[in-house]
Chemist: 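Got a structure for you, written out below as structure tokens; questions coming shortly.
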Amino acid sequence: MKISQKEEFNKALLTWYHQEKRDLPWRRTSDPYYIWVSEVMLQQTRVDTVIPYYEKFIASFPTMESLAEAEEEHVLKHWEGLGYYSRVRNLQAGVKEVVGNYESKIPRTRAEILNLRGIGPYTAGAVLSIAYGVPEHAVDGNVMRVFSRLFMIEEDIALPKTKKVFEQRVMDVIDETDPSSFNQAIMELGATICTPNPRCLLCPVRDFCTAFEEGKQEELPVKTKKLKKKVMTIHSFAISEPGGKWLLRKRPAQGLLGDFWEFPQIECNPSMDSADALKSATGLVIEQGEAFAQFKHIFSHVTWHVEGYHAVLKDSSPIPEGYRFFSDEELELVPQSKPMSKLLMHLKNN
DNA sequence: AAGACGGGGTG
DNA sequence: CACCCAGTCTT
């Protein structure tokens with residue numbers, strides 16, 4: 001989208017929002033304290049989960065004074081099951097600051113409100129814009145997803161510094177006449193339409209979306225995956241031909257063990273018979289499989305539990321593209337993974 | 001910049 | 001089961 005289209009964009013966005021927005025409890029109030037409570041509850045938590053908690057919390061602590069004076073244990077009880085319990089401890093601490101230092105008036109500037117416990121860049125912007133109508137950015141994961149597509153921003157949203165790019169872009173586009181609706185509309189869009197798997201045909205602003213124009217909406221946002229430890233169970237099939245040759249396949253050039261040769265293998269699905277799984281994954285049809293080896297192999301970020309099966313290929317089985325037979329001599333000449341050579345060693349020794 | 005913090009929904 | 005999600009604080 002071009003910045004010059006700002007006015008048409010905001011008209012389309014806000015019209016859609018006013019028509020389609022969900023009726024949520026915190027959208028029926030303009031009390032800054034209630035907005036604050038809702039925004040804290042909504043951090044990392046779904047709307048449907050929050051609603052009953054919000055109702056009960058507001059009923060029990062209807063004013064900032066009542067929350068400030070309450071026992072922490074009592075407050076915590078109202079958060080039970082919501083998770084991230086430091087949120088509510090920080091909320092109460094922040095409310096105490098407002099009651100004690102700001103005459104129970106939540107500050108109206110980003111710099112001041114950011115000093116409050118539990119209020120970070122997102123919540124600051126959300127409260128300022130929604131409760132006070134101040135044109136401030138409120139950038140969360142949804143906003144980054146939506147804007148990355150609208151403007152084809154391809155920077156990695158997993159990097160903290162990238163958020164500044166989005167905050168600046170929001171400030172360029174935000175509707176100064178109704179910042180509250182603008183911020184909520186972007187988040188509503190991200191929650192209902194511009195989801196990870198976007199439903200572009202329903203989108204009120206797809207005509208402004210650069211990613212949609214170029215068919216790249218599925219590729220955005222760019223987010224490097226955290227390398228979490230992964231554990232997989234792999235079934236490898238040592239399939240031999242009557243002549244004594246082994247059936248191997250080459251791994252993809254890219255990624256782990258690129259271009260290495262290995263036994264046909266599948267990620268083990270416990271609910272499925274191994275031979276059936278092999279057939280559906282590779283097309284190979286085997287007569288039978290007999291377990292002959294089992295070991296663990298650890299790569300940098302993934303642990304394989306390898307189970308080897310000695311199997312006989314059915315006469316009628318197809319040999320898929322990328323598979324070929326190797327004699328023992330030929331095998332010496334091609335690269336193979338550690339799990340592969342371990343299995344081979346096992347076979348030779350037995 | 002990376003890790004901790006909870007729980008629930010989803011493919 | 002891995003991954004995602006309306007973030008903030010600590011290290």
Side-chain angles (χ1 to χ4, degrees), chain A residues 17 21-22 24-27 34-54 76 78-94 97 110 113-131 136-148 155-164 166-167 170 180-199 218 220-234 267-272 301-305:
Chain A
Y17 175 67
K21 65 178 175 184
R22 293 167 289 180
L24 304 172
W26 46 89
R27 287 183 176 161
Y34 294 170
I35 304 293
W36 184 3
V37 171
S38 72
E39 287 301 336
V40 172
M41 283 188 173
L42 287 164
Q43 290 166 11
Q44 310 288 288
T45 311
R46 290 192 146 64
V47 165
D48 291 342
T49 308
V50 165
I51 291 173
Y53 284 90
Y54 171 84
L76 218 36
H78 285 71
W79 214 268
E80 196 175 77
L82 256 190
Y84 283 119
Y85 299 99
S86 66
R87 286 186 293 174
V88 71
R89 294 195 174 93
N90 292 336
L91 172 63
Q92 191 185 22
E97 292 175 51
R110 177 175 286 272
I113 204 173
L114 270 176
N115 286 328
L116 298 174
R117 194 79 195 161
I119 294 196
Y122 165 75
T123 307
V127 173
L128 289 173
S129 63
I130 297 172
E136 281 285 350
H137 57 77
V139 174
D140 61 10
N142 269 339
V143 175
M144 289 198 281
R145 185 173 57 253
V146 173
F147 269 60
S148 72
E155 271 146 286
D156 180 4
I157 67 167
L159 272 43
K161 61 174 183 177
T162 301
K163 200 162 65 156
K164 291 191 187 71
F166 288 92
E167 291 171 345
V170 169
S180 167
S181 294
F182 178 90
N183 281 339
Q184 292 188 79
I186 295 292
M187 289 189 270
E188 189 88 354
L189 198 58
T192 61
I193 292 179
C194 199
T195 50
N197 301 309
R199 305 152 65 184
E218 306 275 356
L220 293 168
V222 174
K223 186 177 185 180
T224 59
K225 285 175 184 169
K226 290 172 190 169
L227 284 185
K228 268 192 175 172
K229 276 269 179 179
K230 212 162 72 172
V231 178
M232 300 193 298
T233 299
I234 302 286
E267 254 189 75
C268 174
N269 179 344
S271 68
M272 207 169 176
H301 62 283
V302 52
T303 301
W304 283 4
H305 292 286

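Bear in mind the structure is a predicted one, so any value in this text is a computation, not a measurement. Every heavy atom of this structure was used, including side-chain atoms; hydrogens, water molecules and symmetry mates were not. Every chain is numbered from 1 and lettered A, B, ... according to where its sequence line falls, protein lines coming before strand lines.
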Chemist: Grab the CZ-P distance between Arg87(A) and dA4(B) for me, whole Å please.
Modeler: 18 Å
Chemist: Please check if the distance between the ring centroids of Trp26(A) and Tyr54(A) is under 6.0 Å.
Modeler: yes
Chemist: Under 4.0 Å: is that the gap between some side-chain N or O of Gln44(A) and OP1 or OP2 of dG7(C)?
Modeler: yes
Chemist: Have a look at Asp48(A) and say if it touches a base, only the backbone sugar-phosphate, or nothing, with a 4.0 Å heavy-atom cut-off.
Modeler: nothing
Chemist: Any salt bridge between Glu136(A) and Arg110(A), counting N to O under 4.0 Å?
Modeler: yes
Chemist: Quick check for you: among dT10(C), dC5(C), dA6(C), whose closest atom lies nearest to any side-chain atom of Tyr122(A)?
Modeler: dA6(C)
Chemist: Out of dG7(C), dC9(C), dA6(C), which nucleotide sits closest to the side chain of Gln43(A)?
Modeler: dG7(C)
Chemist: Does Lys164(A), at its NZ atom, have more than 12 non-hydrogen atoms belonging to other residues, nucleotides or ligands within less than 6.0 Å?
Modeler: no
Chemist: Among dA6(C), dC9(C), dC5(B), which nucleotide sits nearest the side chain of Tyr84(A)?
Modeler: dC5(B)
Chemist: Which nucleotide wins on minimum distance to the side chain of Arg46(A), given the candidates dC9(C), dA6(C), dG8(B)?
Modeler: dG8(B)
Chemist: Looking for any heavy atom pair under 4.0 Å, which part of the strands does Ala191(A) touch: base, sugar-phosphate only, or nothing?
Modeler: base
Chemist: When you get a sec, tell me which of dA6(C), dT8(C), dG6(B) is the closest nucleotide to the side chain of Thr123(A)?
Modeler: dT8(C)
Chemist: Respond yes when some side-chain nitrogen or oxygen of Arg145(A) is under 4.0 Å from OP1 or OP2 of dA6(C), and no when none is.
Modeler: yes
Chemist: For Arg87(A) and Thr45(A), test the side chains for any donor-to-acceptor distance below 3.5 angstrom and give the result as yes or no.
Modeler: yes
Chemist: Work out how far the C1' atom of dG11(B) is from that of dA6(C), and round it to whole angstrom.
Modeler: 22 Å
Chemist: Rounded to the nearest Å, what distance is computed from the OH atom of residue Tyr85(A) to the C1' atom of nucleotide dT10(C)?
Modeler: 20 Å
Chemist: Nearest-Å distance, CG (Asp140(A)) to P (dA6(C))?
Modeler: 6 Å
Chemist: Look at the side chain of Arg117(A) and decide which nucleotide, out of dC4(C), dC9(C), dG6(B), has an atom nearest to it.
Modeler: dC9(C)
Chemist: Using heavy atoms to find the nearest nucleotide of DNA chain B for Thr45(A) and Asn197(A) separately, return the residue whose nucleotide is more 5′.
Modeler: Thr45(A)
Chemist: Measuring only the P atom in each nucleotide, how far is dT8(C) from dG8(B)? A whole number of Å is fine.
Modeler: 22 Å
Chemist: Across the strands shown, which category fits Val143(A) at heavy-atom distances under 4.0 angstrom: base, sugar-phosphate, nothing?
Modeler: nothing
Chemist: Is the shortest side-chain N/O distance from Lys161(A) to OP1 or OP2 of dA2(B) below 4.0 Å?
Modeler: no
Chemist: So which one's nearest nucleotide on DNA chain C is more toward 5', Gly118(A) or Glu188(A)?
Modeler: Glu188(A)
Chemist: Nearest whole angstrom, please: distance from the C1' of dT8(C) to the CH2 of Trp79(A).
Modeler: 12 Å
Chemist: Distance check needed: dT8(C) P versus Arg89(A) CZ, whole Å only.
Modeler: 18 Å
Chemist: At under 4.0 Å between heavy atoms, what does Gly81(A) touch on the DNA or RNA strands: base, sugar-phosphate, or nothing?
Modeler: sugar-phosphate
Chemist: Considering only side-chain heavy atoms of Pro160(A), which listed nucleotide, dG7(C), dA1(B), dC5(C), is closest?
Modeler: dA1(B)
Chemist: Whole-Å distance between dA6(C) P and Asn142(A) CG?
Modeler: 3 Å
Chemist: Would a distance-only check, ignoring hydrogens and angles, find a side-chain to backbone donor-acceptor pair under 3.5 Å from Trp79(A) to Gly83(A)?
Modeler: yes
Chemist: Once you round it to whole Å, what is the distance between P of dT8(C) and CG of Leu91(A)?
Modeler: 12 Å
Chemist: Please set out all donor-acceptor pairs under 3.5 angstrom arising from side-chain atoms of residues 117-129 of chain A, sequence neighbours excluded.
Modeler:
| from | atom 1 | to | atom 2 | distance (Å) |
| --- | --- | --- | --- | --- |
| Arg117(A) | NE | Asn90(A) | OD1 | 3.2 |
| Tyr122(A) | OH | Glu39(A) | OE1 | 2.7 |
| Thr123(A) | OG1 | Gln43(A) | NE2 | 2.9 |
| Ser129(A) | OG | Gly125(A) | O | 2.8 |
| Ser129(A) | OG | Ala126(A) | O | 3.3 |
| Ser129(A) | OG | Asn183(A) | ND2 | 3.0 |

Chemist: Separation of Leu159(A) atom CG from dA2(B) atom P, in whole Å?
Modeler: 7 Å
